[in-house]
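Quick caveat, the model's predicted, so the values are computed rather than measured.
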Amino acid sequence: MSEEFEVPSPHEHEVEHRAQHDPFAGRIAVMTAIFATIGALFGYMAGATQNEALLFKNEAAIRKTEASDQWNFYQAKSSKQNLAELGATLTSGDQQARYLKEVDRYKGEKEAIMPEARKLEEHSTAAEKKSEASMHVHHRWAQAMTLIHIEIALAAITILTRNRGLQVVAYFNAGGAMIIGALAFAHI
C-alpha cells in the first residue's frame with residue numbers, strides 16, 4: 001500500500017503557520033497564491049509561443065529546402081540547355097534542328113521552375129519572420145514569468161521578515177510582471 005504525502009520545506013511551514021494567525025501574512029499569502037496562478041498562465045503562454053516559433057522555424061526550413069531543390073532543378077535544366085546549345089552549334093541539318101528544339105524545351109521548363117522556386121523562398125522568408133515574432137513574444141512571457149517568480153520569493157521573505165518595504169518591492173515587481181505580460185498579450 002502506497003501513501004502519498006508531501007514534506008513541506010521549513011519556510012513553507014512557517015508561511016502557513018503565520019498565515020493562519022496573522023492577517024498581514026494572510027493577505028500576502030493570498031496575493032502570492034494569485035500571482036502563482038498568474039505565473040502558471042505566463043509559463044503556459046511562454047511554452048505555447050516557443051512551440052509556435054519552432055513550428056514556424058521548421059516550416060521555414062522545409063520551404064527553404066524545397067526552394068533549393070527547385071533551384072537545383074533549374075540549374076540542371078540550364079546545364080542541359082547549354083549542352084543542347086553546344087550541340088546545335090557543333091552540328092547541322094536535322095541534328096541541329098533537334099538540338100534547337102531541346103534548347104526551346106529547356107527554356108520553357110526553366111521558366112516554369114523559376115516562379116515556383118521564388119514562391120517557396122517567399123514562404124520560407126514569411127515563416128522565418130513569424131518565427132522571430134513568436135520568439136519575441138515568448139521572451140516577453142518568460143520575462144513576465146521570471147518577475148512573478150521573484151515576486152513570490154519576495155512575498156515569502158516579506159512574511160518571514162515582516163518587512164513592509166519588501167512588500168512594496170514585491171508588489172512593484174508584480175506590477176512590472178503584469179505590464180510585461182500585457183505587452184506579450186498584445187504581441188509588442
How would you list, by chain and number, every residue that makes a side-chain contact (heavy atoms from CB on, under 4.5 Å) with Thr91, sequence neighbours excluded?
Gln95, Gln96, Tyr99

Only counting residues at least two apart or in another chain, list the ones meeting ring pair (Phe, Tyr, Trp, His ring centres under 6.0 Å) with Tyr171.
none

Hydrophobic cluster membership, with links at side-chain heavy-atom distances under 4.5 Å among I/L/V/M/F/W/Y: are Ile150 and Ile180 in one?
yes

Does anything in residues 67-93 form a ring-ring contact (aromatic ring centres under 6.0 Å, His included)? List the pairs, not counting sequence neighbours.
Trp71-Tyr74

Shared hydrophobic cluster, Val30 / Phe24 (ILVMFWY, side-chain heavy atoms < 4.5 Å):
yes

Could you tell me whether the side chain of Thr89 and the main chain of Glu85 form a donor-acceptor pair under 3.5 Å?
yes

Donor-acceptor pairs under 3.5 Å, side chain of residues 58-65 to any protein atom, not counting sequence neighbours: which ones?
residue : atom : partner : partner atom : Å
Glu59   : OE2  : Arg63   : NE           : 2.7
Glu59   : OE2  : Arg63   : NH2          : 2.9
Arg63   : NH1  : Glu66   : OE1          : 2.6
Arg63   : NH1  : Glu66   : OE2          : 3.0
Thr65   : OG1  : Ala61   : O            : 2.9

Intermediate values then yes/no, side chain to side chain contact (heavy atoms under 4.5 Å, CB included), Asn82 and Leu86:
CA-CA 6 Å; Asn82 289 339; Leu86 179 62; over 6 Å; no

How long is the gap from CZ on Arg140 to CD1 on Ile179, to the nearest 0.5 Å?
11.5 Å

Determine whether a donor-acceptor pair (N or O, by modelled atom type, separation under 3.5 Å) exists between the side chain of Asn72 and the backbone of Ser68.
yes

Set of side-chain contact (heavy atoms from CB on, under 4.5 Å) partners for Asn163, sequence neighbours left out
Thr161, Leu166

Side chains of residues 106-115: which donor-acceptor pairs under 3.5 Å do they make with residues two or more places apart or in other chains?
residue : atom : partner : partner atom : Å
Glu109  : OE1  : Lys77   : NZ           : 2.6
Glu109  : OE2  : Arg105  : NH1          : 3.4
Lys110  : NZ   : Ser78   : OG           : 3.3
Lys110  : NZ   : Gln81   : OE1          : 2.9

Separation between CD1 of Ile148 and CD1 of Ile152, rounded to the nearest 0.5 Å
6.5 Å

Find out if a path of hydrophobic residues (ILVMFWY) with successive side-chain heavy-atom gaps under 4.5 Å connects Leu154 to Leu147.
yes

Quick one: list whatever passes side-chain contact (heavy atoms from CB on, under 4.5 Å) with Lys101, sequence neighbours left out.
none

Only pairs under 3.5 Å count here: list side-chain donor-acceptor contacts from residues 31-46, not counting sequence neighbours, and write none if there are none.
residue : atom : partner : partner atom : Å
Thr32   : OG1  : Ile28   : O            : 2.8
Thr37   : OG1  : Ala33   : O            : 3.0

What residues, two or more places apart in sequence or in another chain, satisfy side-chain hydrogen bond (donor to acceptor under 3.5 Å, both in side chains) together with Glu128?
Lys57

Minimum-distance pair of heavy atoms, taken over all atoms of Ala67 and Glu121:
CB-CG, 3.7 Å

Partners of Glu132 by salt bridge (Lys or Arg N to Asp or Glu O under 4.0 Å), sequence neighbours excluded?
none

Is there a side-chain contact between Lys129 and Phe56 (heavy atoms, below 4.5 Å)?
no

Going through the checks in order, is the salt bridge (Lys or Arg N to Asp or Glu O under 4.0 Å) test met by Lys119 and Glu116?
CA-CA 5 Å; Lys119 186 173 91 174; Glu116 180 64 22; 3.6 Å; yes

Same hydrophobic cluster for Met145 and Met135, using side-chain heavy-atom links shorter than 4.5 Å among ILVMFWY?
no

So with a 6.0 Å cut-off around CZ of Phe172, is the heavy-atom count from everything else above 12?
no

Taking only residues two or more places apart in sequence or in another chain, which ones pass side-chain contact (heavy atoms from CB on, under 4.5 Å) with Ile188?
Leu183, Ala186

Listed partners of Ser134 passing side-chain hydrogen bond (donor to acceptor under 3.5 Å, both in side chains), at least two apart:
Glu52

